[in-house]
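All remarks here apply to the structure that follows.
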Amino acid sequence: MMNKDYRDYRMEDFLADEYFIRWVKFPDAATDAFWQQLSADMPDKAPLMREAREVVYALSTPVLEKNDPAREKVWQAVLENIQQPPVHRMQRYRRPLLAAASVLLLLTLGAVWYFTSTVTVRTGYGETREITLPDHSSLILNAHSTASYARSWPVTGKREVSLQGEAFFDVKHTGDTFRVAAGPARVTVLGTAFNVRHREDITAVVLQRGRVRVDVTDGQGQPAFLLPGEGWTYAHRRPPVVVHAVDTLAATAWTRHELLLNATKVKDIINVLKDNYGYTVVLQDSTIGEREIKGRIPMQKEKDLLFVLSRILDIDIQQKNDTLLFTARQ
Amino acid sequence: MQDKELWSWYKSGEITGLEGLYNAYYMPLTNYGFKFTEDKSFIEESIQDLFLKLWRNRDSIVTPQVVKQYLLLSFRRILLRKLEYSPSRLEEAFSGEHVPFYLELSYEHPLIRAERAAELKKKVDALMDTLTHRQREAIFLKYYEDLSYEEIAEILQINTGGTYKLVYRALERLREQFGDFSLLVLLYLLQRR
């Protein structure tokens with residue numbers, strides 16, 4: 001289905017294709033496999049692709065001056081200016097009293113709003129976003145997820161985030177505790193990096209570095225203390241499980257826009273398609289779901305992911321609205 | 001990845017973070033600036049303003065998705081304002097063609113005779129002249145700076161589809177003018193070490 005487009009590809013189409021450019025300039029296993037396969041499937045396009053590669057290189061190399069003595073000079077000028085405080089221009093009000101009154105009103109309204117509202121960050125399907133929290137900790141929000149915290153955090157210093165979906169936290173060590181509430185779980189940390197996922201009935205925490213404490217808020221069982229490389233999983237109505245030797249690289253691969261598969265079953269990938277992109281997947285043959293994949297798949301765009309999946313599994317993927325139909329090729 | 005780390009250092013008030021970003025982007029920004037003007041003082045001033053502004057506003061600046069694109073975009077804004085190309089009227093902003101952008105490809109090679117090199121340069125300059133300023137800028141941002149169509153769209157203030165078309169038409173134009181891309185490929189082969 002996807003090959004059809006390429007049959008009509010002219011020089012310009014290859015040159016303007018972002019996936020093609022990426023392969024030429026930053027090749028990796030997935031892009032390489034894809035384009036090599038394409039040129040094997042369509043030998044008549046192979047010379048065109050070779051030429052397109054060279055044109056991409058040619059277009060990528062305009063004149064560039066090396067070693068510029070002005071670099072140090074300009075930086076020194078920046079540093080000097082940083083030392084001096086900026087000059088503020090004062091606004092002149094014609095009616096100072098009125099201005100003062102309205103400022104006061106605004107301040108009062110502002111304060112009420114400031115201390116009662118929350119800052120909420122949401123991502124849609126297929127979108128990830130990195131945000132810096134008021135304490136300079138960073139949070140990468142995976143697709144179809146929501147994170148929120150009190151707007152007054154910079155003033156109160158209370159480090160608390162609630163999460164729906166999945167996020168990776170890299171917490172600055174400040175001496176104060178940092179809390180994440182995700183469904184029934186509450187994670188308490190000092191300074192550390194960890195992944196939290198709360199989708200439907202399952203809540204999971206994977207620790208990359210540092211130390212965290214995980215509590216179940218409905219009071220079930222003892223708190224768990226995790227060490228780096230350990231994971232904690234809680235499924236509805238079952239006791240929480242601590243897993244040793246979790247593949248933290250795989251658990252956080254989404255923050256690098258890729259899917260790291262280590263003999264992963266296709267049905268687990270289907271869950272990713274559902275959770276992160278909102279697709280319902282229909283398997284024409286249920287054995288497809290039991291097949292295992294190893295390797296790295298780019299997730300920059302869902303198109304890439306579907307492409308590579310169809311290649312690796314040798315299946316056709318048809319899309320109808322939010323439904324994907326996986327069919328084995330004959 | 002390194003960009004992100006430098007950025008978070010800088011955001012947390014570390015001047016070394018800002019310096020790291022400065023060192024990483026001084027050349028790309030100068031290089032981009034030269035496509036708009038040959039007057040280096042404008043470019044240096046704009047870079048100085050950009051980093052000063054980054055530092056002063058570090059608490060309010062939101063961490064961008066792509067640091068490089070953010071710096072190119074902010075630098076472009078400052079430079080164009082200095083050069084007084086900043087759009088004063090809407091229609092100008094829409095076409096953007098009043099902002100000149102000159103793209104020259106590298107042609108120097110130790111094994112090629114000077115007059116042959118000059119001849120090639122003339123041909124390629126003529127080739128690039130057939131493009132509009134915006135097409136040249138889009139080509140530069142796409143192939144040289146490796147930005148996505150979406151990121152370029154934000155810099156040029158047009159939509160993503162429009163950006164794709166801009167690049168596509170430029171490529172089509174190059175091919176029409178010269179029959180094929182062999183001249184470009186020749187240039188690339190010549191400068192390969």
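So you know, we letter chains A, B, ... as the sequences are listed, proteins then strands, and number each from 1. Note: hydrogens, waters and symmetry copies are ignored here, and every other heavy atom, side chains too, is used. Being a predicted model, the structure only gives us computed values, none of them experimental.
Annotation: the span from B:T63 atom OG1 to A:E130 atom CD amounts to 7.0 Å, rounded to 0.5 Å. Going from atom NE2 of A:H136 over to atom CG of B:D59 covers 6.5 Å, rounded to the nearest 0.5 Å. Here the CG atom belonging to A:D170 is positioned 9.0 Å from the CD atom belonging to B:E5, to the nearest 0.5 angstrom. Taking CZ of B:R173 as the start and CD of A:E12 as the end, the distance is 13.0 Å to the nearest 0.5 Å. Between atom CD1 of residue A:I131 and atom CD of residue B:Q65 there is a gap of 11.5 Å, rounded to the nearest 0.5 Å. Atoms CG and CD, on A:N81 and B:Q48 in that order, are 5.5 Å from each other to the nearest 0.5 Å.
Using a 4.5 Å cut-off on side-chain heavy atoms (C-beta onward), B:D146 and A:F26 make contact. Looking at heavy atoms from C-beta onward, A:I82 lies in side-chain contact with B:L52 at the 4.5 angstrom threshold.
Side-chain atoms of B:Y149 come within 3.5 Å of backbone atoms of A:A16 as a donor-acceptor pair (strictly under, hydrogens ignored). Remark: the backbone N or O of B:Y143 is paired with a side-chain donor or acceptor of A:K25 at under 3.5 angstrom.
The contact between A:R129 and chain B is made by backbone and side chain atoms together, counting heavy-atom distances below 4.5 Å. Proximity to chain A is absent for every atom of B:L50, based on heavy atoms less than 4.5 angstrom apart. Contacts between B:E145 and chain A at a heavy-atom distance below 4.5 Å are absent for every atom of the residue. In this structure, chain A has a heavy atom under 4.5 Å from the backbone of B:L147, while its side chain stays farther away.
Qualifying side chain to side chain donor-acceptor pair (under 3.5 Å) partners for A:D135, counting only residues two or more places apart in sequence or in other chains: A:S137, A:R159.
Summarising the geometry of A:R71 relative to B:N23, their closest heavy-atom pair is NE-OD1, 3.6 Å, with the distance given to 0.1 Å. Between B:S148 and A:E18, the closest heavy-atom pair is CA-OE2, 3.1 Å.
For A:R10, the CZ atom sits in a packed shell: over 12 heavy atoms of surrounding residues, nucleotides or ligands are nearer than 6.0 Å. Enclosure of atom NZ in A:K158 is not indicated, since only 12 or fewer non-hydrogen atoms of other residues, nucleotides or ligands lie within 6.0 angstrom. The 12-atom threshold is exceeded at CH2 of A:W153, counting heavy atoms of other residues, nucleotides or ligands nearer than 6.0 Å. Other residues, nucleotides and ligands place no more than 12 heavy atoms under 6.0 Å from the NZ atom of B:K165.
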Test log, rule side-chain contact (heavy atoms from CB on, under 4.5 Å), inputs B:K4 and A:S138:
CA-CA 10 Å; B:K4 293 237 153 120; A:S138 82; over 6 Å; no

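Comparing B:Y164, B:Y168, B:W7, B:W55 by heavy-atom pairs within less than 4.5 Å of chain A, the highest count is held by B:Y168. Of the listed residues A:T128, A:T132, A:V24, A:D13, the one with more heavy-atom pairs under 4.5 angstrom with chain B than any other is A:D13.
Ring geometry for A:W75 against B:Y22 counts as tilted: the plane angle lies between 30° and 60°, on a 0 to 90° scale.
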